[in-house]
Amino acid sequence: MLDLKFIRENPGLVRQGLLNKNSRDIVSEVLSLDEERRSLIIKTDELKAKRNQASAQIPQMKKAGQDTNPVLAEMKLVSDQIAELDGQLRDVENKIDTILFATPNVAHSSVPVGRSSEENVEARKWLPEGFSFKNDFKVLDHVELGKKLKILDFERGTKISGSGFPLYTDKGATLERALINFMLDFHLQRHGYKEIFPPFLVNRDSMKGTGQLPKMEDDMYFIEKDDLFPVPTAEVPITNIYRNEILPESELPVKYVGYSACFRREAGSYGKESKGFLRVHQFNKVEMVKFVKPETSYDELEKLVKDAEDILQALQIPYRVLLLCTGDLSFSAAKCYDIETWSPAENKWLEASSCSNFENFQARRANIRFRNEATKKPEFVHTLNGSGLATSRLMVSILENYQTPEGKVIVPKALQKYTGFDVIG
RNA sequence: GGAGAGAUGGCAGAGUGGUUGAAUGCGGCGGUCUUGAAAACCGUUAAGGAUGUAAGUCCUUCCGGGGUUCGAAUCCCUGUCUCUCCGCCA
């Protein structure tokens, strides 16, 4: 969340930042609550100091045989006042928290200002050698290919669970598993990440820490009986590993990579772009998470994007990198690159990765700090994460880009040792 | 799921109503001593907030929340977590 002190000291900056993010301006409301809060604190602190003094005196007076009844009576009144003011203070602080927890991060100065995805900026594009956007045969889409090759069974997935729950069969299941293992190994061996296998259900505090709650609760699955949420991304459990902790500066940067199934309700998005893998309730994703020192976070973001791109280059999948404009940034992000892979059948780019720097927005919510060796003081870390990558959209691109005129699918070379076969069909 | 025990500073571990933000030990940091190191000795060792240019002063915090009391680490209620036993189980 945003820092109350920062808002107090930079009201104009925050106001403009929220405006650029198409968000409600909360500045004046928060500032007036903050003033109320501080005046209440001054009053209660004064009364509490008085009470503490009396508490120290009372036993001595008793020892000296003095009558304590007048002091006790007076302190009774003081205590009542404290209780009253503390109640008011708690209300004000709750109000502030409610607003701040529901207020998005503001964008970094290097992010282009824009209203919507229309104004995102293409940073770069990468195409495999010999790649062409035109095919000299009729390309099948991933749903047709999946059916023909008996590797994806969306109908039976729907029977088992409902629409949006893909069923991978035979070589499709193997390919999916190969992809996950390939990506994990790649990041571990070449990019220096440490592996995490996180829990797939997380509690409310964790969801609040990374910013899914309270704003996006409707998009989350929820197990009411146990007050637990199936993870929408491994970002949630992995970032929350260090919730309420202070890390030694020498341990930074911490770089984790982990796989999780991802569960999203995608409320209200039926119909549009919902064919096959394009929008699903459950998918697989390998996620990279970094905890870094503030001054390095923007360099780390560039490296993070590169780490995701390396996977696509190894798989020889055409992609482009978009720098999101302020209006398209997610709730918690200060800067974000999307990576989109090419789908020849849809004839468009599909988002397969999102790499974000949250600066200290999540760290503040989740209270993740490090001890600055120079000042000896705890400071908030910066957190980043990026998909590296989501298999569902990637699977679309692999199947469609690697199909042959005969309707078979060649397994990308990098995956072959993981699948144990080099062609499907 | 049933029964019981517990949760204190970086760690270990005292503390059952009144200068206890918290003894003691270990660890960490600084210093004395030493050619250097160890040992020994001395000192220091939390986080958050309010106020102040600052030094400082004050407030809060002994798992979370509520209560009793002039006053709670300490008493009561409640939640969470951990451990032990029983049951169930991949």
Side-chain angles (χ1 to χ4, degrees), chain A residues 1-9 30-101 197-209 213 222-229 237 240-252 254 261 360 362-381:
Chain A
M1 67 178 137
L2 297 175
D3 180 15
L4 188 53
K5 226 180 259 173
F6 184 82
I7 299 175
R8 197 190 297 151
E9 284 156 16
V30 163
L31 288 186
S32 93
L33 285 166
D34 180 43
E35 235 169 84
E36 200 179 330
R37 166 181 161 269
R38 283 185 293 159
S39 95
L40 283 166
I41 287 173
I42 291 169
K43 282 184 207 159
T44 52
D45 277 5
E46 212 171 280
L47 291 170
K48 282 174 185 169
K50 199 169 167 187
R51 181 175 70 183
N52 289 344
Q53 277 178 354
S55 283
Q57 279 168 2
I58 288 168
Q60 292 178 354
M61 290 173 73
K62 279 188 176 166
K63 228 178 264 174
Q66 291 173 288
D67 177 17
T68 56
N69 281 330
V71 191
L72 295 190
E74 194 197 340
M75 285 307 114
K76 170 83 182 145
L77 291 177
V78 169
S79 279
D80 287 348
Q81 283 177 54
I82 290 172
E84 164 69 21
L85 291 172
D86 267 348
Q88 287 178 28
L89 180 60
R90 198 169 47 228
D91 286 349
V92 171
E93 285 183 333
N94 284 342
K95 273 187 204 161
I96 294 174
D97 272 0
T98 303
I99 295 172
L100 289 186
F101 269 104
F197 205 123
F200 290 0
L201 299 182
V202 298
N203 60 30
R204 199 168 275 281
D205 284 342
S206 294
M207 292 291 270
K208 247 180 126 169
L213 295 185
F222 178 48
I223 297 161
E224 194 171 4
K225 198 168 181 182
D226 299 292
D227 205 25
L228 290 171
F229 298 81
N240 276 282
I241 287 173
Y242 293 120
R243 174 150 47 84
N244 291 327
E245 293 193 31
I246 302 174
L247 300 164
E249 182 177 332
S250 57
E251 271 183 32
L252 300 179
V254 174
N360 65 23
Q362 291 182 328
R364 210 173 269 289
R365 295 177 151 241
N367 194 27
I368 305 169
R369 293 174 292 178
F370 73 99
R371 190 172 301 280
N372 183 318
E373 271 165 19
T375 65
K376 306 279 182 211
K377 289 286 164 198
E379 286 176 35
F380 290 109
V381 299

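Note that the coordinates shown come from a computational prediction; the quantities given were computed from them, not determined experimentally. Per chain, numbering begins at 1; letters A, B, ... match sequence-line order. Computed from heavy atoms alone, side chains included, the values below leave out hydrogens, waters and symmetry copies.
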**Item:** Distance in angstrom units between A:K376 NZ and B:C29 P, rounded
**Value:** 9 Å

**Interatomic distance where CG belongs to A:D3 and P belongs to B:G48 [whole Å]** = 12 Å

**Prompt:** What interatomic distance, in whole Å, is found between P of B:C88 and the corresponding atom of B:U68?
**Reply:** 46 Å

**Prompt:** Does A:R8 place a side-chain N or O at less than 4.0 Å from the phosphate oxygens OP1/OP2 of B:A50?
**Reply:** yes

**Separation between the P atoms of B:G13 and B:G18, rounded to whole Å** = 25 Å

**Item:** From CA spacing to verdict: side chain to side chain contact (heavy atoms under 4.5 Å, CB included), A:R204, A:F222
**Value:** CA-CA 10 Å; A:R204 199 168 275 281; A:F222 178 48; 3.5 Å; yes

**Item:** For B:A39, the Watson-Crick or wobble counterpart (both distances under 3.5 Å)
**Value:** none

**Item:** Salt-bridge present (A:K43, A:E84; N to O < 4.0 Å)
**Value:** no

**Request:** Just name whichever nucleotide pairs with B:C85, Watson-Crick or G-U, keeping both distances under 3.5 Å, else none.
**Result:** B:G2

**Item:** Test item: side-chain donor near acceptor, A:S206 and A:N203, under 3.5 Å
**Value:** yes

**Message:** Regarding A:R364, tell me which of base, sugar-phosphate or nothing describes its non-hydrogen contacts under 4.0 Å with the strands shown.
**Reply:** nothing

**Message:** Without decimals, in angstroms, what is the distance between A:R365 CZ and B:G48 P?
**Reply:** 20 Å

**Prompt:** Whole-Å distance between B:G49 P and A:D34 CG?
**Reply:** 12 Å

**Item:** Euclidean distance for C1', B:G79 against B:G10 (whole angstrom)
**Value:** 28 Å

**Asked** Which whole number of Å gives the distance between the C1' atom of B:C76 and that of B:G27?
**Response** 38 Å

**Item:** Span that lies between the C1' atom of B:A14 and that of B:C26, in whole angstrom
**Value:** 15 Å

**Message:** I need the CG-P distance between A:N244 and B:G10, as an integer number of Å.
**Reply:** 13 Å

**Prompt:** Closer than 4.0 Å, any side-chain N/O of A:R37 to the OP1 or OP2 of B:A50?
**Reply:** yes

**Complete:** Here the distance between atom P of B:G10 and atom CD of A:E251, to the nearest Å, is 16 Å

**Message:** Does any part of the side chain of A:F229, heavy atoms only, come nearer than 4.5 Å to the side chain of A:L213, both counted from C-beta?
**Reply:** yes

**Request:** Name the nucleic acid region contacted by A:R369, choosing base, sugar-phosphate or nothing; use a 4.0 angstrom heavy-atom cut-off, strictly under.
**Result:** sugar-phosphate

**Request:** Would you kindly give the CD1-to-C1' distance between A:I246 and B:U45, to the nearest whole Å?
**Result:** 14 Å

**Request:** Rounded to the nearest angstrom, tell me the gap between atom CD1 in A:I368 and atom C1' in B:A47.
**Result:** 17 Å

**Message:** Nearest 0.5 angstrom please: A:R243 CZ to A:N367 CG, how far?
**Reply:** 10.0 Å

**Message:** Main chain of A:P248, side chain of A:R371: is a donor-acceptor contact present, judged purely on distance under 3.5 Å?
**Reply:** no

**Asked** In whole Å, what separates the C1' atom of B:G64 from that of B:C58?
**Response** 26 Å

**Complete:** By the Watson-Crick or G-U definition, both distances under 3.5 Å, B:U80 is matched with B:A7

**Message:** Between A:R37 and A:D34 (salt bridge meaning N to carboxylate O under 4.0 Å), is one present in this structure?
**Reply:** yes

**Mate of B:U69 where both pairing distances stay under 3.5 Å, Watson-Crick or G-U** = none

**Fill in**
With sugar-phosphate taken as primed atoms, P, OP1 and OP2 and all else as base, the protein-contact string of nucleotides 59-74 of chain B at under 4.0 Å (heavy atoms; B, S, -) is SS-----S---BS---

**Request:** Could you let me know what B:G17 is paired to, Watson-Crick or G-U wobble, both distances under 3.5 Å, or none if it's on its own?
**Result:** none

**Prompt:** C1' atom, B:U19 versus B:C70: distance in rounded Å?
**Reply:** 16 Å

**Request:** Show your reasoning for whether side chain to side chain contact (heavy atoms under 4.5 Å, CB included) applies to A:L4 and A:I96.
**Result:** CA-CA 9 Å; A:L4 188 53; A:I96 294 174; 4.3 Å; yes

**Message:** Partner lookup for B:A90, please. Criteria are Watson-Crick or G-U wobble with both distances under 3.5 angstrom; report none if nothing qualifies.
**Reply:** none

**Message:** Check this for me: A:E46, atom CD, are more than 12 non-hydrogen atoms of other residues, nucleotides or ligands nearer than 6.0 Å?
**Reply:** no

**Request:** Would you mind pulling out the nucleotide paired to B:C58, Watson-Crick or G-U wobble, both distances under 3.5 Å?
**Result:** B:G49

**Request:** Look at the side chain of A:R51 and the backbone N and O of A:M75, then say whether any donor-acceptor pair between them is shorter than 3.5 Å.
**Result:** no

**Request:** Taking only the side-chain nitrogens and oxygens of A:R38, find out if one of them lies under 4.0 Å from OP1 or OP2 of B:G49.
**Result:** no

Restricting to nitrogen or oxygen on both sides, can you table the protein-nucleotides 80-82 of chain B pairs closer than 3.5 Å?
none

**Message:** Taking only the C1' atom of each, what is the distance from B:A47 to B:G36 in whole angstrom?
**Reply:** 39 Å

**Prompt:** When rounded to the nearest 0.5 angstrom, what is the spacing between CG in A:L77 and CG in A:L47?
**Reply:** 11.0 Å

**Message:** Walk me through whether A:R90 and A:E93 qualify under side chain to side chain contact (heavy atoms under 4.5 Å, CB included).
**Reply:** CA-CA 5 Å; A:R90 198 169 47 228; A:E93 285 183 333; 5.5 Å; no

